[in-house]
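Below is one structure, written out as structure tokens; comments come after it.
FYI, side chains are in, hydrogens and waters are out, and symmetry mates aren't considered; it's all heavy atoms of this structure. Just so it is clear, the model here is predicted, and its values are computed rather than measured.
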Amino acid sequence: MGHETSDDGGVVRLNKDLAIVQTADYFTPVVDDPYAFGQIAAANALSDVYAMGGKPVSVLNLAGFPVKKLSPDILSEILAGSQSKVKEAGAVVAGGHSIDDSEPKFGLSVTGTVHPERIFRNRGARPGDLLVLTKPVGGGIITTGIKKDIVTGAQIEEVISVMARLNKQACELLEDFTPHAVTDITGFGLLGHAYEMAQASSVTFEIHSDAVPVLSGAEKLAEKGVIPGGTKANRKWLEDMQAVSVSNTVPEAVQWILFDAMTSGGLLISLSPEEARSFEEAFNKLPGCECSIIGTVKKDSETKLNVL
């Protein structure tokens, strides 16, 4: 598997029972705390392996750092935060590479394993399926609020907790189910990644905006015009393609949240109705986990996303 339908990782079969999943991701800091930034960057990169149904095995650190401007202790904290999440994932740091850069950048190249017959793909959603989301959205708006120093301490703690949370538990729980399609929500936002899944599956998604979980304070910030550039680009991209139809009953601030460019978001999963409800019940019993059924899969139509 490669980039044919914008899947979350590449997959190479080694033999009839084993394939490797490979991915890489890195970015500039989204929070001020370097340890938390390392955790978030690692969780974000590891997420692509989980979105493919894989188990992370090893990682390589990818770092850019202004060695003449910032203390090396900051980089040490970033690496320590990342290591904590790699360890939680059950993987190991096998090495990495760093360069002197004008601003900090950090992420991982991740290798995981998966059985060739248990790969999660972003295509295969079927009419009648329900759509399950395993983390709240609005993180891009909150982190933009952090940069503007207009969010509360509680909001910062919540968004860090959500972004640093691995998608490991969701992936492992899905081993007991038969997901028809899976992806994770990152830079293209909920609607961007939902579009990729609907397009790849030749179906239409109906998203119920009032069922989508949202981080505390994100709607109020959006009402004040705190909108990241990536979120604006996501909206323009989908609207220019006429890929999304949004009901005029959906508040403008909520619309922005659905387009919001996320870092280390949850999994979006297409399951049969019975399995979706069973997964929701089981997942919500896990410590610190909460998911929601946010929509349904319909037969293919010209508009790939209908937001109600």
Side-chain angles (χ1 to χ4, degrees), residues 1-2 7-15 17-27 29-31 33-65 75-99 104-122 134-135 160-176 179 182-187 262-267 269 283 286-289:
M1 293 178 56
D7 255 310
D8 296 294
V11 183
V12 180
R13 183 194 296 268
L14 300 183
N15 56 50
D17 297 319
L18 182 66
I20 57 171
V21 185
Q22 292 184 297
T23 183
D25 209 328
Y26 69 102
F27 47 85
V30 292
V31 294
D33 185 316
Y35 186 88
F37 171 51
Q39 289 186 309
I40 293 164
N44 182 74
L46 291 161
S47 180
D48 284 338
V49 171
Y50 293 129
M52 302 300 295
K55 177 182 178 181
V57 174
S58 66
V59 309
L60 300 174
N61 291 325
L62 305 173
F65 195 76
L75 180 56
S76 295
E77 282 293 295
I78 293 172
L79 292 171
S82 174
Q83 169 65 20
S84 73
K85 288 296 166 179
V86 172
K87 183 178 180 180
E88 183 181 336
V92 297
V93 178
H97 186 68
S98 62
I99 62 170
K105 300 178 181 70
F106 183 74
L108 304 175
S109 171
V110 187
T111 299
T113 58
V114 66
H115 192 287
E117 295 180 2
R118 288 293 297 173
I119 299 168
F120 299 163
R121 294 173 167 85
N122 73 346
T134 65
K135 285 187 185 181
I160 288 176
S161 175
V162 168
M163 291 190 295
R165 187 189 312 151
L166 297 179
N167 283 320
K168 177 182 179 180
Q169 289 172 298
C171 177
E172 291 177 345
L173 182 59
L174 280 174
E175 292 177 3
D176 297 327
V182 181
T183 192
D184 67 340
I185 307 303
T186 51
M262 289 286 294
T263 298
S264 191
L267 299 185
I269 310 161
F283 187 75
L286 298 175
C289 294

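Within the 3.5 Å criterion, the main-chain N or O of Gly90 finds no donor-acceptor partner in the side chain of Lys168. In terms of modelled atom types and a separation under 3.5 Å, the side chain of Lys85 and the main chain of Leu46 share no donor-acceptor contact. The main-chain N or O of Val162 is found under 3.5 Å from a side-chain atom of Lys135 such that the two form a donor-acceptor pair. Between the Asn167 side chain and the Gly265 main chain, a donor and an acceptor come within less than 3.5 Å of each other.
Between Phe120 and Leu267, every side-chain heavy-atom pair lies at or beyond the 4.5 Å cut-off. Annotation: side chain of Val49 is not in contact with side chain of Lys55 (no heavy-atom distance under 4.5 Å). Taking the side chain as every heavy atom from C-beta outward, Met52 and Thr23 never approach each other to under 4.5 Å. Side-chain atoms of Asp7 and Arg121, non-hydrogen and from C-beta on, do get closer than 4.5 Å to each other. Within the 4.5 Å cutoff, side-chain heavy atoms of Phe27 are placed close to those of Ile40. Using a 4.5 Å heavy-atom threshold, the side chains of Phe106 and Leu79 count as touching. Between Ser82 and Asn61 there is a side-chain heavy-atom pair separated by less than 4.5 Å. The shortest distance between side-chain heavy atoms of Tyr50 and Asp184 does not fall below 4.5 Å.
Taking NE2 from His115 and CZ from Arg13, the interatomic distance works out to 8.5 Å, rounded to the nearest 0.5 Å. For the atom pair Glu77 CD and Gln39 CD, the distance stands at 10.0 Å (nearest 0.5 Å). To the nearest 0.5 Å, atom CG of residue Leu173 and atom SG of residue Cys289 are 9.0 Å apart. Once rounded to the nearest 0.5 Å, the distance linking CD1 of Ile185 with OG of Ser264 reads 11.5 Å.
Minimum heavy-atom separation, Ala89 to Leu166: N-CD1, 3.8 Å. Nearest approach of Asp8 to Ala51, heavy atoms of both residues: OD2-CB, 3.5 Å. Closest approach of Ala43 and Ala164 over heavy atoms only: CB-O, 3.7 Å. Closest approach of Pro56 to Gly54, counting heavy atoms only: CD-O, 4.0 Å. In this structure, Ala24 and Leu62 approach most closely via the heavy-atom pair CB-CD1, 4.5 Å. Nearest heavy atom pair, residue Asp17 against residue Pro116, reads C-CD, 3.4 Å.
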**Message:** One pair to check against side-chain contact (heavy atoms from CB on, under 4.5 Å): Leu14 and Ile20. What are the steps and the verdict?
**Reply:** CA-CA 7 Å; Leu14 300 183; Ile20 57 171; 3.6 Å; yes
**Message:** Let's go through Thr186 and Asp25 carefully: what are the C-alpha distance in whole Å and the side-chain angles of both, what is the deciding distance for side-chain contact (heavy atoms from CB on, under 4.5 Å) to 0.1 Å, and is it a yes or a no?
**Reply:** CA-CA 11 Å; Thr186 51; Asp25 209 328; 5.6 Å; no
